[in-house]
2 protein chains.
Amino acid sequence: MTIRLVIADDQALVRGALAALLGLEPDIEVVAELGDGTGVADAVVELAADVAMLDVEMPGLDGISAAAAVRRASPSCRVLMVTTFGRPGYLKRAMQAGASGFVVKDTPARQLAEAVRRVHRGLRVVDPVLAAESLTSGDSPLTEREADVLRAASDGGTVADIAKAAMLSEGTVRNYLSAAMAKTGGRTRAEAVRLAEDNGWLL
Amino acid sequence: MTIRLVIADDQALVRGALAALLGLEPDIEVVAELGDGTGVADAVVELAADVAMLDVEMPGLDGISAAAAVRRASPSCRVLMVTTFGRPGYLKRAMQAGASGFVVKDTPARQLAEAVRRVHRGLRVVDPVLAAESLTSGDSPLTEREADVLRAASDGGTVADIAKAAMLSEGTVRNYLSAAMAKTGGRTRAEAVRLAEDNGWLL
DNA sequence: AAGCACTCATGACATTTGTCATCCCGGATG
DNA sequence: CATCCGGGATGACAAATGTCATGAGTGCTT
């Protein structure tokens, strides 16, 4: 009995290559390839998939939300997250969303099929390096608004821009930015954005 | 007679998957997989490769430099660049470095093998969307130092940090930043960094 | 009911940025 | 030879940013 696998990744090249690689395994059958997160839950139900392999960074519905949707729609289907960037914060969020595994894209290719089998068996698969980082980095210290403001600041606009985007007064924006800088340890707005992003605190 | 292909990409998962996908083609033989750009030229010579598939973003030697190295070491070997981000500036730089093709990672998987065959035949393969963007975006307006300073600014440090990193006076740094902001159209330092990065003007 | 954390806002203040004029030097380029 | 361009620097000035104290309202705990 083969493992029925659904793959979702926004980069078509990666998605296709991944499907080809895993399709070679005799015990794995790739039943669907999606380019974004929106249709994943439906596909899992419709095709009675056993495992869903999801990229964290995707247009439309992101991987974390898609994972939660899959778990809701089909609790018997395991979720394996695959990501380009090993942001510590992502790991915890993904696990809370019901993922069974979390690997980064520079893990050796042969380990991937094994990871799929493990999560299918109900085991958890977590990149050990990432797990360690996740423990040291801990939870996000940012409040929702602080994260919102940092996100709005991430494309480099002025305080006025951010205030407009977040529907806040300029003074308030500066306060939140100041708080975010203190909590992240950044000395400038841009540094705070970078640090928060690297930790996966901005979603 | 098969096409002897060398693949270099820093993400092991992608690299392996790509190799698996292309290895399925009867007329393509993957003779080497590398994780960075440093050994590519040597590998191409040693293995008498016909085509080198290189990622632009790699640790150590970047893809553009690796492409130039390959062309120098073995002019008969064609280079196909593959990139995650469709930065217009990369395209021109890659072509100037001697690449024959340039595709982004979200092109359909089946077109990839065809792209390899095309560059092997001596044809050029360029993502049409990217080609158009490249024309509108044009050359980098930044001088070398301006780009240096922007790069140093890209991790969010203060003017003092940048000055130290670039061995310049703080006033000079501010002048270069000001010039870079004017040329990129950014209204803040961070925005200028983002715009320059998006255009592929920072390497 | 009191305490606490989060949200939103002002106003005042010291720094930091961004802008501009101006200078010197060296290498192209006319 | 003169001129222009890039690299490097200084000083002055206006605007933006970062910091802090303070206040008020909401909602959740204990």
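Predicted, not measured: the structure shown is a model, and the values here were computed from it. By convention in this document, chain letters (A, B, ...) are assigned in the order of the sequence lines, proteins followed by strands, and residues within each chain are numbered from 1. All values below come from the heavy atoms of this structure, side chains included, with hydrogens, waters and symmetry mates left out.
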Exercise. Quick one: Leu168(A) CG to dT10(C) C1', roughly how many Å, whole number?
Worked result: 14 Å
Exercise. Are Glu114(A) and Arg118(A) within salt-bridge range, i.e. N to O under 4.0 Å?
Worked result: yes
Exercise. In whole angstrom, what separates Leu177(B)'s CG from dG7(D)'s C1'?
Worked result: 15 Å
For this session: Ignoring backbone atoms, test whether Ser169(A) places a side-chain nitrogen or oxygen under 4.0 Å from the OP1 or OP2 oxygen of dC8(C).
Result: no
For this session: Quickly work out the Glu146(A) CD to dA5(C) C1' distance and round it to whole Å.
Result: 11 Å
For this session: Could you check which of dG7(D), dT19(D), dT17(C) has an atom nearest any side-chain atom of Arg174(B)?
Result: dT17(C)
Exercise. OG1 of Thr38(B) to CG of Leu61(B): how many Å apart, nearest 0.5 Å?
Worked result: 7.0 Å
For this session: Check whether any side-chain nitrogen or oxygen of Thr188(B) sits under 4.0 Å from OP1 or OP2 of dG18(C), and answer yes or no.
Result: no
Seminar exercise, completed: Taking dC6(C), dC8(C), dT17(D) as options, the one with an atom nearest any side-chain atom of Thr143(A) is dC6(C)
Seminar exercise, completed: From CD1 of Ile162(B) across to C1' of dT17(C) the rounded distance in Å is 11 Å
Problem set entry | Side chains of Thr188(B) and Asp161(A) in contact at under 4.5 Å (non-hydrogen atoms) | no
Exercise. Closer to the 5' end of DNA chain D via nearest nucleotide, is it Gly186(A) or Gly171(B)?
Worked result: Gly171(B)
Exercise. Rounding to a whole Å, what distance do you find between Arg187(A):CZ and dG18(D):C1'?
Worked result: 13 Å
Exercise. Is there a side-chain contact between Asp10(A) and Asp36(A) (heavy atoms, below 4.5 Å)?
Worked result: no
Exercise. For dA9(D), does either OP1 or OP2 sit under 4.0 Å from a side-chain N or O belonging to Thr172(B)?
Worked result: yes
Exercise. What integer distance in Å separates Glu170(B):CD from dG8(D):P?
Worked result: 16 Å
Exercise. Does a distance-only test, which skips hydrogens and angles, find a donor-acceptor pair under 3.5 Å between the side chain of Asn175(A) and the base of dC8(C)?
Worked result: no
Problem set entry | Presence of Arg189(A) side-chain N/O under 4.0 Å of dT17(D) phosphate oxygens OP1/OP2 | yes
For this session: Write down the distance between CD (Glu144(B)) and C1' (dG8(D)), rounded to a whole number of angstrom.
Result: 15 Å
Problem set entry | Nearest-Å distance for atom pair OH/C1', residues Tyr176(A) and dG18(D) | 17 Å
For this session: Tell whether Arg145(B) reaches the base of dG7(D) with its side chain through a donor-acceptor pair below 3.5 angstrom.
Result: no
Exercise. Are Arg4(B) and Glu46(B) close enough for a salt bridge, meaning some N to O gap below 4.0 Å?
Worked result: no
